[in-house]
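Structure first, commentary second.
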Amino acid sequence: KNEVEQSPQNLTAQEGEFITINCSYSVGISALHWLQQHPGGGIVSLFMLSSGKKKHGRLIATINIQEKHSSLHITASHPRDSAVYICAVSSFGNEKLTFGTGTRLTIIP
Amino acid sequence: DAGVIQSPRHEVTEMGQEVTLRCKPISGHNSLFWYRQTMMRGLELLIYFNNNVPIDDSGMPEDRFSAKMPNASFSTLKIQPSEPRDSAVYFCASRQGSTNTGELFFGEGSRLTVL
């Protein structure tokens with residue numbers, strides 16, 4: 001069983017819809033990362049957070065340390081948001097990231 | 001800064017050949033990571049360096065893989081001899097600081113195909 005679980009695995013939505021991607025983890029962490037990967041493209045770090053909430057443009061990431069859960073929200077989704085979104089966690093004293101399997105998001109115009 | 005620079009972007013080679021992938025981290029970053037991404041296994045950490053010193057290479061699949069970081073601005077990942085199952089996208093990433101609380105910056109990746 002992966003220590004980092006993402007849901008859903010695949011998500012298709014209409015342009016403009018509010019999107020939520022979830023990430024649950026089973027170990028104590030020092031930080032959680034949300035990454036974005038476009039088809040055939042590189043990986044971009046969207047957020048790194050250890051508590052509370054962060055916002056960048058139309059993207060919002062939240063984390064609940066007690067519940068070991070994080071969500072990535074996209075408001076007013078756009079076709080260019082179509083990508084794979086990956087959750088990853090790091091533990092205290094350990095540089096390794098444990099990755100989720102990713103959520104493939106497709107936004108239809 | 002130009003970001004993390006990897007080369008080559010694409011490489012096609014035959015089984016048994018030596019493959020060398022290169023990475024230039026962001027200037028000032030002192031942690032460097034090599035990851036491999038496949039459809040079956042997703043992203044896996046192969047090895048990481050702090051201040052040019054290999055810290056954890058437990059993710060390196062086998063002795064055919066080796067990585068070096070001769071200075072703060074350059075790292076290589078070598079596969080010799082290469083096998084078809086090594087076909088994957090190899091990402092290099094760098095981070096400032098030696099703790100795991102800094103943001104990671106990834107290169108564009110090197111797509112390796114071993115025939």
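Convention: sequence-line order gives letters A, B, ...; per-chain numbering from 1. All values reported here derive from a predicted model rather than from experimental measurement.
In this structure, the portion of B:Gln37 lying under 4.5 Å from any heavy atom of chain A is its side chain and not its backbone. Proximity to chain A (any heavy atom under 4.5 Å) is restricted, for B:Arg111, to the side chain, taken from C-beta onward. With a threshold of 4.5 angstrom between heavy atoms, B:Ser58 approaches chain A through side-chain atoms but not through N, CA, C or O. In this structure, the portion of B:Phe33 lying under 4.5 Å from any heavy atom of chain A is its side chain and not its backbone.
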Checklist line | Criterion side chain to side chain donor-acceptor pair (under 3.5 Å) on A:Thr103 and A:Gln6, from CA distance to verdict | finding: CA-CA 7 Å; A:Thr103 295; A:Gln6 285 186 240; 3.3 Å; yes

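Ion pair A:Lys68/A:Glu5 not flagged as a salt bridge, since none of the NZ, NE, NH1 or NH2 atoms sits closer than 4.0 Å to an Asp/Glu carboxylate oxygen.
The side-chain hydrogen bond (donor to acceptor under 3.5 Å, both in side chains) pairs that include a residue from residues 8-20 of chain B are B:Glu18-B:Gln80, where partners are two or more places apart or lie in different chains.
Residues that satisfy the ring-ring contact (aromatic ring centres under 6.0 Å, His included) test with B:Phe106, not counting sequence neighbours, are B:Tyr35.
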